[in-house]
Protein chains: 2
Amino acid sequence: MPKVGMEPVRRKALVDAALSVIGDRGSLTVTMSEIARRAGVSPALAHHYFGSKDRLLIETIRFLLRQLRDDSVKALKRADTPRTRLSAIIRVNFQADQFAPETIAAWLAFYAEAQRSEETRRFLVIYARRLRSNLLADLRRLCPADAAERIAEGAAAMIDGLYIRQSLRSVPVSIEASISLTEDYISSALAPHSKED
Amino acid sequence: MPKVGMEPVRRKALVDAALSVIGDRGSLTVTMSEIARRAGVSPALAHHYFGSKDRLLIETIRFLLRQLRDDSVKALKRADTPRTRLSAIIRVNFQADQFAPETIAAWLAFYAEAQRSEETRRFLVIYARRLRSNLLADLRRLCPADAAERIAEGAAAMIDGLYIRQSLRSVPVSIEASISLTEDYISSALAPHSKED
DNA sequence: TATTTTTGATTGACTGATCAATCAATAAAA
DNA sequence: TTTTATTGATTGATCAGTCAATCAAAAATA
């Protein structure tokens, strides 16, 4: 079994497993054993590659963030006008895999963790800033700067809020409903600034 | 020291201590010892009165919820028109003690816990429904039913989102800014339905 | 009133379980 | 033979939860 070049394979498997266990459990209080078991290796190997549980968790959130960023970049490439770009940003945040219960549970767990871990908080702040600045860039072309800032704050908050509310599973707002609520918010906030009518 | 009638005093002290420790730590992974220490009693006594850590935690979230409900009732008593009642609901959710970092951290921790604990989730669902139905009751008097539902969803999500974002402490949106973002959302969503201009 | 009994409050010491982390050992490539 | 991958066994720490014992107020009794 021992073949050379296993490191990247194991790292990936362990991060995937961590995400999956965290998603199932809805909490970061998961054991290394459980993660390792799901990745099909021994707990000792997980320590060997990541050094500590904390490091593995940090790598996991990093992965989550990178994925969202890549999706955003991809979606923005396909949109050209400011307004369609705004729609693209919204859609990415609510796309199916982001909206899966396990993914939401994982994000939520990391938000909670951010209260304790400076590093985790830094990552979430990066996410928040990125969302904000993505929105802002296009809003600025559609309305005055101060209005753009406000609308960006509001839209970002609404996106996060819809996301969180989804985690309760009752009072379920569908993906489409979430998208359309956010779209409508932006449209009506933009309305007073639109050139015609 | 042993005097009769200590039970309610101790229960209150322990719930307060739990809230405070959870707020500081920003997590539910706090020890009974720590809670008991802050309440000035032994860990054994905490178990004596609450039976288990889970029960103490459940009572703690209950307390948080009851407080928010009482504040809401009080605020709504002082408002009479639908529009001022909406403003009152918004203000309650962003009032200073609700917006304190420890309180936000505690709410967040309970949201995460709700992924695992059915009972915790039930309480949070109650909160979500209450916010929604409070908003809905007054919105219905200002616009058609279907619009009211949408606006209530949107406003509730925005409130929750602003709340969550506050927990990151960077990208800080002040209390006043949060209130005014929510107010503006409702106003502009209501605009097309207003009787005159 | 004085004395005894009961009961609630409280704790220190302990147990059992869980878990992160370590390490020495093994096995298979290179 | 050296290096890389891998694990079983173990350790040490942390905690929730238990329990028997203590102490003092309250209630009952004399």
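Basis for what follows: all heavy atoms, side chains included, without hydrogens, waters or symmetry-related copies. Letters go in sequence order (proteins before strands), and every chain restarts at 1.
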Of the options C:dT11, D:dT6, C:dT22, whose atoms approach the side-chain atoms of B:V41 most closely? C:dT11
Nearest-nucleotide comparison on DNA chain C, the residue closer to the 5′ end among A:A44 and A:T29: A:T29
Separation of A:I35 atom CD1 from C:dC19 atom C1', in whole Å? 12 Å
Quick one: B:R37 CZ to C:dT11 P, roughly how many Å, whole number? 13 Å
Tell me, yes or no, whether the heavy-atom count around A:R83 atom CZ, taken from other residues, nucleotides or ligands under 6.0 Å, exceeds 12. yes
Separation of A:L28 atom CG from C:dC19 atom P, in whole Å? 15 Å
Provide, to the nearest angstrom, the distance between the CG atom belonging to B:L45 and the C1' atom belonging to C:dG12. 13 Å
Atom CZ of B:F50 to atom P of D:dG17: distance rounded to whole Å? 13 Å
Hey, are A:T81 and A:T84 close enough side-chain-wise for a donor-acceptor pair under 3.5 Å? yes
Do we see a donor-acceptor contact under 3.5 Å between the side chains of A:Q95 and A:N93? no
Distance check needed: D:dT7 P versus A:M32 CE, whole Å only. 13 Å
Measure NZ/A:K53 against C1'/D:dT14 and give the value in whole Å, please. 13 Å
Among C:dA21, D:dA16, D:dT7, which nucleotide has an atom closest to any side-chain atom of A:H47? C:dA21
Which of the following nucleotides, D:dC15, D:dT6, C:dT10, is nearest to the side chain of B:H48? C:dT10
B:R130: side chain to side chain contact (heavy atoms under 4.5 Å, CB included) partners, not counting sequence neighbours: B:L65, B:R69, B:I126, B:N134
Side chain of B:R10 (C-beta onward), nearest among C:dA20, D:dA16, C:dT10: C:dT10
Among D:dT18, D:dC15, C:dA21, which is the nearest nucleotide to the side chain of A:S52? C:dA21
Does A:Y49 have a side-chain nitrogen or oxygen under 4.0 Å from the phosphate oxygens OP1 or OP2 of D:dT6? yes
Describe the nucleic acid contact of B:T31 in one word from base, sugar-phosphate, nothing, applying a heavy-atom distance below 4.0 Å. sugar-phosphate
Rounding to a whole Å, what distance do you find between B:R55:CZ and D:dG17:P? 12 Å
So A:V9, base contact, sugar-phosphate only, or nothing? Heavy-atom distance under 4.0 Å. nothing
Flag for B:S87-B:E183: side-chain donor and acceptor within less than 3.5 Å: yes
When you measure from the side chain of A:E7, which nucleotide among C:dT11, C:dT10, D:dA5 comes out closest? D:dA5
